[in-house]
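Presented below is the structure to which this report refers.
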Amino acid sequence: MKYDDLFSQSLKRLHDEQRYRVFIEIERIAGECPFAVWKPPSGPRKVVMWCSNDYLGMSRHPKVIEALTETARRTGIGAGGTRNIAGTNSPLVELEYELADLHGKEAALLFTSGYVSNQAGISTIARLIPDCLILSDELNHNSMIEGVRQSGVERKIWRHNDVAALEHLLAAEPSRPKLILFESLYSMDGDTAPINRICELAERYDAMTYCDEVHAVGMYGPRGAGTAAQDGAMHRIDVIEGTLAKAFGCLGGYITGSRSLVDAVRSHAPGFIFTTALAPPLCAAATAAIRHLKTSDLERRRQQANAARLKQVLVSAGLPILPTNTHIVPLMVGDPRLCKAASDLLLDDHGIYIQPINYPTVAKGTERLRITPTPYHDDVLIDQLRDALVDVWERLNLDFVLASVAAE
Ligand code: PLP
């Protein structure tokens with residue numbers, strides 16, 4: 001058998017379905033956020049990044065870089081093994097304390113990514129609850145879906161953000177243990193969950209709640225704890241999961257909750273037990289970012305002001321953005337080929353990088369450019385982006401009207 005042919009055929013299928021992903025090579029410039037150097041075969045070019053999840057530019061904050069380099073010099077880079085083998089390095093202990101405090105919980109547990117924290121956290125928690133029924137929002141992230149799948153327990157899907165649909169499922173199983181899974185902020189549409197209403201239902205029907213705050217931590221709430229903190233609902237959620245890789249600018253993921261829950265996941269989750277712990281310098285860097293954003297509102301305020309101005313400027317130009325109350329600005333295209341073409345033209349002709357978002361990340365027909373302004377995109381850059389987008393929209397003959405399908 002020619003095994004390689006099988007791989008080539010699978011790639012051809014992706015190309016045929018216009019799902020083949022192309023990653024550009026890029027080097028961000030720490031001192032010049034949001035600029036980066038793009039490295040195509042024709043030679044390097046300076047471009048503006050408009051789609052990074054380093055939402056607040058914390059990856060290059062002087063305090064964060066200093067914490068990383070100082071810890072690396074003191075302790076070295078790697079953790080030296082799993083926590084079972086090599087012990088828990090002090091920067092991890094400090095970071096878990098910081099995270100528990102951030103979310104007002106008794107304890108926190110670190111994982112090597114937000115993806116792993118969902119996969120390992122959800123699967124382990126659900127398996128430890130006898131006869132557990134999982135109720136999962138239909139737009140939950142792939143890492144949550146994998147956690148559900150790995151748990152092997154029964155799951156039912158509720159229509160996105162529809163509390164009546166959730167209540168219907170809860171009421172049908174009054175005496176069974178139930179685990180409700182949802183995100184606080186959905187990163188593709190930029191909409192938020194009705195957190196307090198979900199918690200009310202959880203309390204009424206005696207269900208546990210697990211909330212992914214990956215896109216909200218650092219960004220919302222007086223200390224950057226996320227959307228639940230902003231809504232005054234943090235104490236009502238049993239498990240809050242987050243990442244250190246987006247607004248905190250580093251790498252790693254975590255869950256926070258009661259001491260016994262966290263200890264049980266620590267003791268049972270293979271995705272925690274059998275992998276090398278996070279590098280201590282990264283943990284120190286994340287702690288520095290979290291501490292900074294607990295007291296500094298400057299980055300959040302600037303980011304929100306830029307997002308508001310960007311939305312207003314794009315709407316005034318007639319561009320079809322999905323209305324959101326959050327920092328995410330989805331610009332709808334509705335076709336995978338045109339979405340890629342728009343992204344290519346922006347990069348080639350305008351020095352602007354916004355990656356195309358196509359199926360399966362979003363539903364077919366809702367392909368889009370997902371724009372994420374940072375505190376460092378100024379008015380000039382926003383106006384340049386508008387002009388570039390109008391040019392691309394006209395050249396590709398794209399729709400200036402927001403199609404109703406975009407809002408589903
Ligand atoms: N949860 C959600 C909702 C996400 O969008 C992502 C990644 O984008 C993750 C979890 C995974 O987080 P990480 O990038 O830290 O692995």
Side-chain angles (χ1 to χ4, degrees), residues 21 23 51-56 58-59 64 92 95-96 99 102-103 108-125 134 136-150 157 160-161 180-193 195 198 209-220 224-228 237 239-256 265 269 271-272 275-279 282-283 285-286 289-290 324 326-330 355-363 368 370-372:
R21 292 169 195 255
F23 303 147
C51 56
S52 170
N53 281 347
D54 182 10
Y55 294 132
L56 298 177
M58 289 305 288
S59 72
V64 175
L92 275 79
L95 176 54
E96 285 179 344
L99 289 166
L102 178 69
H103 293 293
L109 190 67
L110 281 169
F111 298 84
T112 44
S113 72
Y115 193 99
V116 175
S117 62
N118 272 334
Q119 198 181 21
I122 291 169
S123 58
T124 305
I125 292 165
I134 289 179
S136 184
D137 184 288
E138 71 176 324
L139 291 191
N140 278 343
H141 188 254
N142 175 272
S143 54
M144 304 173 83
I145 296 169
E146 282 303 317
V148 173
R149 196 172 293 167
Q150 212 171 300
I157 309 294
H160 176 54
N161 273 350
I180 301 174
L181 304 181
F182 63 104
E183 297 179 30
S184 64
L185 195 166
Y186 291 83
S187 73
M188 290 300 145
D189 288 352
D191 60 334
T192 51
I195 300 180
I198 293 171
T209 45
Y210 180 111
C211 179
D212 174 316
E213 285 258 39
V214 157
H215 292 277
V217 288
M219 303 295 292
Y220 300 94
T227 309
I237 299 172
V239 186
I240 293 180
E241 181 271 347
T243 185
L244 305 170
K246 302 191 194 293
F248 295 134
C250 297
L251 184 71
Y254 62 90
I255 59 165
T256 61
V265 175
F272 169 82
T275 188
T276 297
L278 274 180
L282 263 176
C283 295
I290 294 164
T324 70
T326 61
H327 61 284
I328 290 163
V329 184
Q355 95 282 25
I357 309 260
N358 286 348
Y359 177 81
T361 306
V362 294
R368 66 197 68 183
R370 175 180 176 273
I371 310 174
T372 51

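Ligands are counted one by one from 1 in listed order, and the atoms in each one are counted from 1 as well. Residue numbers count from 1 along this sequence. This one's a predicted model, so the numbers in the text were calculated from it and none came from an experiment.
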- Ignoring hydrogens and geometry, is there a side-chain-to-backbone donor-acceptor pair from Asp212 to Met144 under 3.5 Å? no
- Task: Tell me which protein heavy atom sits closest to atom 9 (C) of ligand 1, plus the residue, atom name and distance to 0.1 Å.
- Result: His141 CE1, 3.5 Å
- Query: Does Met144 come within less than 4.0 angstrom of ligand 1, counting non-hydrogen atoms of the residue?
  - Reply: no
- Task: Please could you name the atoms of ligand 1 that Glu183 approaches to less than 4.0 Å, counting only its heavy atoms?
- Result: 3 (C)
- Query: Can you tell me if Lys246 has a non-hydrogen atom under 4.0 Å from ligand 1?
  - Reply: yes
- Keeping the roles fixed (side chain from Glu213, backbone from Ala228), state whether a donor-acceptor pair exists under 3.5 Å. yes
- Is there any N or O on His215 that sits under 3.5 Å from an N or O of ligand 1? yes
- Query: With only distance considered, is Asp212 within less than 3.5 Å of ligand 1 through an N or O on each side?
  - Reply: yes
- Message: Within the structure provided, determine whether Ile255 and Phe272 are in side-chain contact (heavy-atom separation under 4.5 Å).
- Response: no
- Message: Any nitrogen or oxygen of Tyr115, side chain or backbone, less than 3.5 Å from one on ligand 1?
- Response: yes
- Task: Verify, without hydrogens or angle tests, whether Asn142 (side chain) and Glu146 (backbone) share a donor-acceptor contact under 3.5 angstrom.
- Result: no
- Query: Counting N and O atoms only, with roles assigned by atom type, does the side chain of Gln150 sit under 3.5 Å from a partner on the main chain of Ala120, one being a donor and the other an acceptor?
  - Reply: no
- Note on the structure: A student checking ligand 1 against Thr243 at a 4.0 Å heavy-atom cut-off should list atoms 13 (P), 15 (O)
- Task: Look only at the side chain of Glu138 and the backbone of Ile157, and say whether a donor-acceptor pair between them is shorter than 3.5 Å.
- Result: no
- Item | Side-chain donor/acceptor of Thr243 to backbone N/O of Gly252, under 3.5 Å | yes
- Does Ser143 have a non-hydrogen atom less than 4.0 Å from ligand 1? yes
- Message: Checking the N or O distance criterion of under 3.5 Å, is ligand 1 in contact with Gly114?
- Response: yes
- Item | Proximal atoms of ligand 1 relative to Asn118 (non-hydrogen, under 4.0 Å) | 1 (N), 10 (C)
- Under 3.5 Å, side chain of Asp191 to main-chain N/O of Thr324, donor-acceptor pair present? no
